[in-house]
Amino acid sequence: MIFDYDLFVIGGGSGGTRAARISAQEYGARVGIAEESRMGGTCVIRGCVPKKLMIYGSNVPAEIEEARGYGWQDAQVGDFNWPEFRDKLALELNRLEAAYTNGMVDAGIDVYKKRAHLIDQHTVELSDGARFTARYILIAVGGRPAMPGIKGEKLGLTSDQVFFLKRLPKKILLVGGGYIASEFATIFKGFGSETVMVYRGDQILRDFDREICSHVTKQFSDIGVDLRLCVTPTIIEKDGEGIRVTFSDGNIEAFDDVVFATGRKPYTSGLGLEEIGVKLGGNGQIIVDEWSQTSVSTIYAVGDVVDQVNLTPVAIRAGHNFADTIFGGVRKPCNFSQVASAVYLRPHELATIGLTEEVAAEQGQIDVYVSSFRPMRSLFSGSEARSVVKLLVDVKTDLVLGCHIFGPEAGEMMQMAAVAIGMKATKADFDRAIAIHPTVAEELVTMRKPTRRVGIPAVAIEMDINALY
Ligand code: NDP
């Protein structure tokens, strides 16, 4: 059978564009790609990129305050012009979107700025009715914000809209305790908004190491984020120009904006997947094997739509591995068990790889190394903010099972620790490295004595170390 394309990709985000470009540019595949919104997808247009720029922008007052601590006694932050920042951000996103589109075109890929859905295992149809056949179809449509299902929630916003607000809210409510709520709490507080964050549980950032999270909670309190635990909104109503929120504890309060950051769901509805036999999981995610192949042999899926590790670099790697495997003849499975990530908070970020203390202690006996200290830079300017560096080491094998850093630019540090841990570094390997002094990261290689030993003795449970990698 002759197909219009070797590969048709649905979704122009991180995973889809990487798969398309490598397939076309490196391996000569004939590729088409459809994107219903803007090329670049969530990360570039309404996620990581604008968020990180907002983090930088919102941290300026703290930097000015630090400058005063270094003797720049007249340093003043002045007024923040949100419309100017927002419009500049929009221009930057336009530039990136164009770069993504041009990258596709330059690689010889046909770009269709249309919604697409599946007709059969080899055919897609665009929203204008055009149909194309392809030997393989890759679904890389990502996810969409999930709403909690409370009365009046449509009056709230999601992270999709937060970059394009008409004006900076004087008072904002963030709902949720994950990456997005935590990062936007930091951002809006930094920009000067009165910031309230409500989380339904007793510890935000549920899947992170609890000890480190307690430092995050303290940091919110220190910078003036009003974090309320074990509370949820129950009713959202219009209140003049603002929004009135009733909470589960009976409190009623007015806000200028309410942002729901209550997770994301795979964006699989209306794609025609189940109609042609592609199996979906309970959260609407596409079920794939380690080769990103779905239950229909010609259809593959990568990125947040498979709802495994919902991070941009994972989607990019899966897209690249797909191209190498299918068109490059080099079989590269997707096994993402040691993935580092960072939550962009200020002044200190949270970055992590591997097991938390709680999980590691359930699997065997571990030595916990913790160093908590006031970094030289902020201490000098008068800040009490503490950094924490934590290593979890398997007593039996000396392998470093987890690394957690709460500190300035923790994400930058964690990237290098991830290389070592990915190579199965032991604590002795860390100790062998000579410190770079004076840095925060030197704590990673100078912690000599464990703070505590926890977990079940290794003799009782044989930990399957290989399963971690
Ligand atoms: P997360 O899954 O991180 O957090 C969702 C939060 O919403 C949790 O605290 C959850 O509570 C809470 N929640 C869920 N449902 C409800 C409900 N019905 N009522 C009240 N609270 C609720 O999702 P985010 O939206 O923060 O982020 C989405 C994805 O984006 C993440 O998977 C993340 O990987 C990615 N991301 C990554 C970033 C990074 O790498 N820096 C930055 C931003 C996003 P509970 O814990 O109790 O379930």
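Order of appearance sets the numbers: ligands from 1, and atoms from 1 within every ligand.
- For ligand 1, the polar-atom distance check finds no N/O of T232 at less than 3.5 Å from any of the ligand's N/O atoms.
- Nearest protein heavy-atom neighbour of atom 30 (O) of ligand 1: R264 CD, 4.0 Å.
- The closest non-hydrogen atom to atom 15 (N) of ligand 1, taken over K51, K265, R200, comes from R200.
- When heavy-atom distances to ligand 1 are checked against a 4.0 Å cut-off, A146 has no atom that comes that close, whether in backbone or side chain.
- Looking at atom 7 (O) of ligand 1, its nearest protein heavy atom turns out to be T262 CA, 3.2 Å.
- In this structure the side chain of T232 never reaches within 4.5 angstrom of the side chain of V175, judged on heavy atoms.
- A salt bridge does not link E241 to K238: none of the charged nitrogens lies less than 4.0 Å from a carboxylate oxygen.
- Taking the six-membered ring wherever Trp is involved, the centroid distance between the rings of Y136 and F8 does not fall below 6.0 Å.
- Atoms of ligand 1 lying under 4.0 Å from any heavy atom of Y199, numbered from 1 in the order shown and given with element: 9 (O), 11 (O), 45 (P), 46 (O), 47 (O).
- Residue L311 has at least one heavy-atom neighbour below 4.0 Å for each of these atoms of ligand 1: 34 (O), 37 (C), 40 (O).
- Both the backbone and the side chain of P148 come within contact range of ligand 1, each with a heavy atom under 4.0 Å.
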Discussion item. Test side chain to side chain contact (heavy atoms under 4.5 Å, CB included) on R228 and M197; report intermediate values, then the result.
Written reply: CA-CA 6 Å; R228 302 175 192 170; M197 175 174 167; over 6 Å; no
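- Both cation-pi conditions hold for K427 and Y369: the charged atom is under 6.0 angstrom from the six-membered ring centre and inside a 45 degree cone around its axis.
- Under a 4.0 Å N-O distance rule, the pair R167/D257 qualifies as a salt bridge.
- Under a 4.0 Å N-O distance rule, the pair R386/E443 does not qualify as a salt bridge.
- Of the protein's non-hydrogen atoms, Y179 CD1, 4.1 Å is the one closest to atom 31 (C) of ligand 1.
- Among protein heavy atoms, atom 2 (O) of ligand 1 sits closest to G263 CA, 4.2 Å.
- Protein heavy atom at the shortest distance from atom 9 (O) of ligand 1 is G177 N, 2.9 Å.
- A salt bridge does not link E183 with K189: every distance from a Lys NZ or Arg NE/NH1/NH2 to an Asp or Glu carboxylate oxygen is 4.0 Å or more.
- Checked for salt-bridge contact, K390 and E357 meet the test: a charged N lies under 4.0 Å from a carboxylate O.
- Of all the heavy atoms of V175, none lies under 4.0 Å from any atom of ligand 1, so neither backbone nor side chain is involved.
- Between F163 and F184, the ring center distance clears the sub-6.0 Å criterion.
- Note: no N/O pair closer than 3.5 Å links V343 and ligand 1 by distance alone.
- Residues I150 and P233 are in side-chain contact: their nearest non-hydrogen atoms beyond the backbone lie under 4.5 Å apart.
- Looking only at heavy atoms of the protein, atom 44 (C) of ligand 1 is closest to I180 CG1, 3.5 Å.
- In the vicinity of E183, heavy-atom distances shorter than 4.0 Å reach the ligand 1 atoms 41 (N), 42 (C), 43 (C).
- Ligand 1 places these atoms under 4.0 Å from at least one heavy atom of A261: 5 (C), 6 (C), 7 (O), 25 (O).
- For atom 1 (P) of ligand 1, the nearest protein heavy atom (residue, atom name, distance) is G178 CA, 4.1 Å.
- Comparing heavy-atom distances from atom 35 (C) of ligand 1 across V339, D207, N310 singles out N310 as nearest.
- Nearest protein neighbour of atom 41 (N) of ligand 1, counting heavy atoms only, is A342 O, 2.7 Å.
- Of the charged side-chain nitrogens involved, at least one lies within less than 4.0 Å of a carboxylate oxygen, so that E253 and K171 count as a salt-bridged pair.
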